[in-house]
Amino acid sequence: MKSRMFSRALALAALAVSPGFPAFAQQRAAPLAEPGPIAPPYADMADLVIASPLVIDATIRSTSKIKPVEAPGLAPGATRFYVEADVNALIRGPGAIPPRIGYLLDAAPDGTGRIPKYKKSRVLLFARPVPGRGDQIQLVTPGAQLGWSPASDALARRITGEVLASDTPPVVIGVGNAFHVAGSLPGEGETQIFLRTADHRPVSLSILRRPGERPRWAVALSEIIDDAAAPPKPDTLLWYRLACGLPRELPDDSVASLSAADSAQAREDYRLVLERLGPCGRTRPPVSGGGGPA
């Protein structure tokens, strides 16, 4: 018993001084998501995977309540636990991790006002390592422990593969210049909108209108737009980068060099792209202070 208490004390000390913990502690606690056949929305899962150097499938072995005096920044009504869990699989990570890990969990009451019981629950953990403590992790946000389900596991693995792929789409950070060229027939024309990305890779949107036809749009990930360019498939990383990263309106400076008529058409075509993409679908705030863009 003394050995376990000493281990827990060391873990608490390591987690308390690890980078980012004060900001983590100030965030609102979140209850464990119940396992089920339906996975979270793609955008919610992508936010977690991208922010997390570690994505772990684990089973909770034990939980120990931490006294409020030892839990700085704990949200009112929440309970902080020190959790020990057995690792089932490392979905994302730089290398092997110990078979048993520990971490802090801030838990809010459920709909009945009770704190959920976590022991023996299978969970997905989205976390960062604790420097100098290979057996300790830190959740990237209080809501970064999800109840495991086959659908959630499959989605987390699929997004991890997309994020780590050599051709992963770049992070969209804004909109650059837009251009519009009217055709020779009424209602005919093409708009091209260049996007700004975190690593300066080229991304552009093209919208083509022809009389009597439904407008077509495509996204290109190179300097050249060819016939292979197409809209992204929903619930893919490229779709997520656009649906969740593009501003809701075309910025004024993007069309500053255009005539009034061309500017109006470019804005209309941009709105068409947003409409076709559909809503981002986030149901929770995006994770901040995570593993950085990926």
Side-chain angles (χ1 to χ4, degrees), residues 40-47 49-50 155 158-159 162-163 165 167-288 293-294:
Y42 184 98
D44 287 349
M45 184 69 83
D47 285 344
V49 170
I50 289 169
L155 182 58
R158 178 162 71 86
I159 295 174
E162 291 180 279
V163 168
D167 60 349
T168 187
V171 178
V172 175
I173 59 173
V175 180
N177 290 329
F179 301 93
H180 176 74
V181 178
S184 57
L185 299 175
E188 184 180 47
E190 183 173 4
T191 296
Q192 189 169 6
I193 302 170
F194 294 92
L195 306 182
R196 295 189 292 111
T197 60
D199 59 1
H200 307 294
R201 279 188 284 165
V203 177
S204 61
L205 309 173
S206 63
I207 304 92
L208 180 63
R209 294 178 182 269
R210 288 176 178 165
E213 296 182 10
R214 188 169 185 253
R216 291 185 294 145
W217 80 278
V219 56
L221 301 180
S222 67
E223 298 284 358
I224 301 174
I225 301 177
D226 55 28
D227 293 338
K233 294 182 179 180
D235 290 351
T236 61
L237 196 60
L238 179 55
W239 169 86
Y240 161 87
R241 299 290 198 206
L242 298 175
C244 300
L246 290 175
R248 296 299 91 189
E249 296 288 342
L250 195 61
D252 291 341
D253 57 0
S254 296
V255 294
S257 63
L258 301 184
S259 67
D262 287 347
S263 174
Q265 187 61 60
R267 292 181 186 279
E268 181 179 342
D269 288 342
Y270 184 77
R271 288 192 291 268
L272 171 73
V273 170
L274 296 183
E275 179 184 337
R276 297 278 181 87
L277 283 169
C280 168
R282 278 193 181 107
T283 63
R284 53 201 290 170
V287 182
S288 61

TODO: Locate the shortest heavy-atom distance separating G281 from P41; write the atom from each residue and the value.
DONE: O-CB, 3.5 Å

- [ ] Please examine the side chains of V175 and P247, heavy atoms only from C-beta on, and report whether any two atoms are closer than 4.5 Å.
- [x] yes

TODO: Looking only at non-hydrogen atoms, find the nearest pair between A43 and R282 and report the distance.
DONE: CB-CG, 3.8 Å

Task: Gap between atom CH2 of W239 and atom SG of C280 - 0.5 Å precision - done: 6.0 Å

Task: Rounded distance (nearest 0.5 Å) linking atom OH of Y42 with atom SG of C244 - done: 9.5 Å

Task: Atom pair CG (L195) and CZ (R201), whose distance is rounded to the nearest 0.5 Å - done: 12.5 Å

- [ ] Kindly indicate whether the side chain of L238, heavy atoms from C-beta on, has any atom under 4.5 Å from the side chain of L221.
- [x] yes

Task: Nearest-0.5 Å distance, OG1 of residue T191 to CG of residue D262 - done: 8.0 Å

Task: Closest non-hydrogen atom pair, D199 against P170 - done: OD1-CB, 3.5 Å

Task: Result of checking T283, L155, V49 against D44 for side-chain contact (heavy atoms from CB on, under 4.5 Å) - done: T283

Task: Nearest-0.5 Å distance that lies between atom CD in E190 and atom CD in Q265 - done: 12.0 Å

Open item on the list: Between I193 and W217, is there a side-chain heavy-atom distance shorter than 4.5 Å?
Closed with: no

Open item on the list: What I'd like to find out is whether the side chain of N177 reaches to under 4.5 Å of the side chain of S257, using heavy atoms alone.
Closed with: no

TODO: Determine the minimum heavy-atom distance between V255 and S263, stating which atoms define it.
DONE: CG2-OG, 3.3 Å

Task: Side chain to side chain, V287 and I50, heavy atoms closer than 4.5 Å - done: no

Task: Smallest separation among heavy atoms of A243 and G278, with atom names - done: CB-O, 4.0 Å

Task: Separation of R158 CZ from L237 CG (nearest 0.5 Å) - done: 10.0 Å

TODO: Would you indicate whether the side-chain heavy atoms of R276 and I207 approach each other to under 4.5 Å?
DONE: no

Open item on the list: Between H180 and Q192 (side chain of the first, backbone of the second, donor and acceptor by atom type, cut-off under 3.5 Å), is there such a pair?
Closed with: no

Open item on the list: I'd like to know if the side chain of T168 and the backbone of E162 have a donor-acceptor N/O pair within less than 3.5 Å.
Closed with: yes

- [ ] Heavy atoms only: give me the nearest R209-G187 pair and the separation to one decimal.
- [x] CB-O, 3.6 Å

Task: Side-chain donor/acceptor of Y270 to backbone N/O of R248, under 3.5 Å - done: no

Task: R267 side chain vs E249 backbone, donor-acceptor pair below 3.5 Å - done: no

Task: pair L277-P232: side-chain heavy atoms closer than 4.5 Å - done: yes

